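To keep things clear, I will list the structure first and then write my remarks on it.
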Amino acid sequence: MTAPIPRDIPDLPAIPGKPALKPSPVPATAVVTPVRRPAAAAFRLLVALAATAGVTLDILLGDPSRALGYFAIQSNILLALVMALSARRAWTAGRPLPGAVLGATLLYVVIASLVYHLLLANEASPFSLTGEAAAAPTGWQAVAHHTLHTLTPIAAVLDWLLLTAPGRLHLRQASTWLLYPLAYLAFSLIRGELLLPGTPDRYLYPFLDVDQDGYKKVLGNALLLGLSFYALAVLLVALDHARPNPLRHPWKTGFRL
């Protein structure tokens, strides 16, 4: 004979806090099959080779110590490394590089291109190049020049728009990306102080020329440029979350910060 079921069953005590799910030991590759992307790997390898060729030509045709001090050279060296690693991972179906690295690299090469075309090569700009620096490059120097300031930045933007999944850049990363331009500002000013007055190209950019404008104006220029760079970084993040996914469902968009 079984015992009767009681009519009033006492409530179980509530579990304090939110129940947390334990991390799954199953890797994502066991659920989603890795996909090789040979076309993306080939394109990124070409971009890496173009950036390497442009940097090499610029160094061989000029003063290496001066060439390596330019922001465009440094950003293209970074682009070559990042594109080479991205090409390898696309070829071997590996995980893509972190979005913070890709976003920073894209921002730096775009900054180098915009500063050159809008400020240095623009005759209406107060910072346009003058004298020998304003002369149009010829021969192999022109090839290196246009590769570093035009070709590789456009290729980096195309890779981001057409071969990279959206939503990987985040607003919290924008301020971190400015650490390198800030470090470059310090490098440029320290370099100028270490060189003797009257040394050619003591300050590599007109808006950082302390001899001509003094520290007060140079720091003001740096502040305006820094705010512009931050606005550009925010714009890249916004576009990254609003653009369609070129790798899957191109009609879907999502804005996630």
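What you see below is based on every heavy atom in this structure, not just the backbone, and it leaves out hydrogens, waters and symmetry mates. All values reported here derive from a predicted model rather than from experimental measurement.
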- Message: Could you measure the distance from the CG atom of Leu224 to the CZ atom of Phe229? Nearest 0.5 Å is fine.
- Response: 10.5 Å
- Message: To the nearest 0.5 Å, what is the distance between CG on Leu78 and OG1 on Thr105?
- Response: 4.0 Å
- Message: Donor-acceptor check, side chain of Thr199 to backbone of Leu195, threshold 3.5 angstrom: yes or no?
- Response: no
- Query: Taking only residues two or more places apart in sequence or in another chain, which ones pass side chain to side chain donor-acceptor pair (under 3.5 Å) with His145?
  - Reply: Tyr116
- Query: Is there a chain of hydrophobic side chains (I, L, V, M, F, W, Y, each step under 4.5 Å between heavy atoms) that links Leu227 to Val115?
  - Reply: no
- Parallel, tilted or perpendicular for Phe71 and Tyr180, by the 30°/60° rule? parallel
- Query: Which atom names give the shortest non-hydrogen contact between Pro96 and Arg168, and what distance separates them?
  - Reply: CB-NH1, 3.7 Å
- Query: For Met83 and Ala48, which heavy atoms make the closest approach, and how far apart are they?
  - Reply: CB-CB, 3.9 Å
- Query: Can you check whether Thr150's main-chain N or O pairs, donor with acceptor, with His117's side chain at less than 3.5 Å?
  - Reply: no
- Message: Could you check whether any side-chain heavy atom of Phe127 comes within less than 4.5 Å of a side-chain heavy atom of Leu225, counting everything from C-beta outward?
- Response: no
- Item | Tyr184 side chain to Gly69 backbone, donor-acceptor under 3.5 Å | yes
- Distance col, row Asp58:CG vs Ile73:CD1, nearest 0.5 angstrom, shows 4.0 Å
- Atom OG of Ser175 and atom CG of Leu182: how far apart are they, to the nearest 0.5 Å? 12.0 Å
- Item | Shortest non-hydrogen contact from Asp201 toward Arg66 | OD2-CD, 3.0 Å
- Without swapping roles, check the side chain of Gln173 against the backbone of His170 for a donor-acceptor pair under 3.5 Å. yes
- Tyr108 side-chain N/O to Trp177 backbone N/O, donor-acceptor pair under 3.5 Å: yes
- Item | Flag, side chain of Gln74 to backbone of Leu68, donor-acceptor distance under 3.5 Å | yes
- Message: Leu120 vs Phe207, test: side-chain contact (heavy atoms from CB on, under 4.5 Å). Steps then yes/no.
- Response: CA-CA 9 Å; Leu120 303 179; Phe207 45 81; 4.1 Å; yes
- Task: Measure from the side-chain N and O atoms of Arg191 to the backbone N and O of Arg202, and report whether any donor-acceptor pair falls under 3.5 Å.
- Result: yes
- Message: As a quick check of understanding, evaluate side-chain contact (heavy atoms from CB on, under 4.5 Å) for Tyr205 and Ser188, giving each step before the final call.
- Response: CA-CA 9 Å; Tyr205 294 99; Ser188 181; 5.5 Å; no
- Same apolar cluster (I L V M F W Y, side chains within < 4.5 Å links), Leu97/Leu46: no
- Hey, does Leu79 have a side-chain heavy atom less than 4.5 Å from the side chain of Ser75? no
- Is the NZ or CZ atom of Arg37 both under 6.0 Å from the centre of the six-membered ring of Trp91 and within 45° of that ring's axis? no
- Message: With rounding to the nearest 0.5 angstrom, report the OG1 to CG distance, Thr52 to Leu57.
- Response: 11.0 Å
- Would you find a donor on one side and an acceptor on the other, under 3.5 Å apart, between the side chain of Thr147 and the backbone of Val143? yes
- Message: Quick one, Leu179 and Thr176 - any side-chain contact, counting heavy atoms below 4.5 Å?
- Response: yes
- Side-chain contact test, heavy atoms from C-beta onward, threshold under 4.5 Å: evaluate it for Tyr203 versus Val210 and give yes or no. yes
- Message: Would a single hydrophobic cluster contain both Val101 and Leu232, if residues Ile, Leu, Val, Met, Phe, Trp and Tyr are joined by side-chain heavy-atom contacts under 4.5 Å?
- Response: yes
- What one should report as the nearest heavy-atom pair of Ala72 and Ala112 is CA-CB, 3.8 Å
- Message: As an exercise, state the distance from OG of Ser228 to CG of Leu223, rounded to the nearest 0.5 Å.
- Response: 9.5 Å
- Query: Hey, are Asn76 and Thr152 close enough side-chain-wise for a donor-acceptor pair under 3.5 Å?
  - Reply: yes
- Message: With clusters defined by side-chain heavy atoms of hydrophobic residues (ILVMFWY) lying less than 4.5 Å apart, directly or transitively, does Val234 cluster with Val110?
- Response: yes
Hey, can you pull the donor-acceptor pairs under 3.5 Å for the side chains in residues 153-167, sequence neighbours left out?
residue : atom : partner : partner atom : Å
Asp159  : OD1  : Arg44   : NE           : 2.7
Trp160  : NE1  : Asp240  : OD1          : 3.0
Thr164  : OG1  : Asp159  : O            : 3.0

- State plainly whether one hydrophobic cluster holds both Leu60 and Trp140, where clusters connect Ile, Leu, Val, Met, Phe, Trp and Tyr through side-chain heavy atoms under 4.5 angstrom apart. no
- Task: Look at atom CZ of Arg88 and say whether more than 12 heavy atoms of other residues, nucleotides or ligands are closer to it than 6.0 Å.
- Result: no
- Task: Decide side-chain contact (heavy atoms from CB on, under 4.5 Å) for Leu208 and Asn221; before the verdict, give the C-alpha distance in whole Å, the side-chain angles of both, and the deciding distance to 0.1 Å.
- Result: CA-CA 8 Å; Leu208 298 179; Asn221 295 336; 5.7 Å; no
- Message: Checking Asp209 against Val218 for the side-chain contact (heavy atoms from CB on, under 4.5 Å) test, could you report, in this order, the C-alpha distance in whole Å, the side-chain angles of both residues, the deciding distance, and whether it holds?
- Response: CA-CA 7 Å; Asp209 194 338; Val218 165; 5.6 Å; no
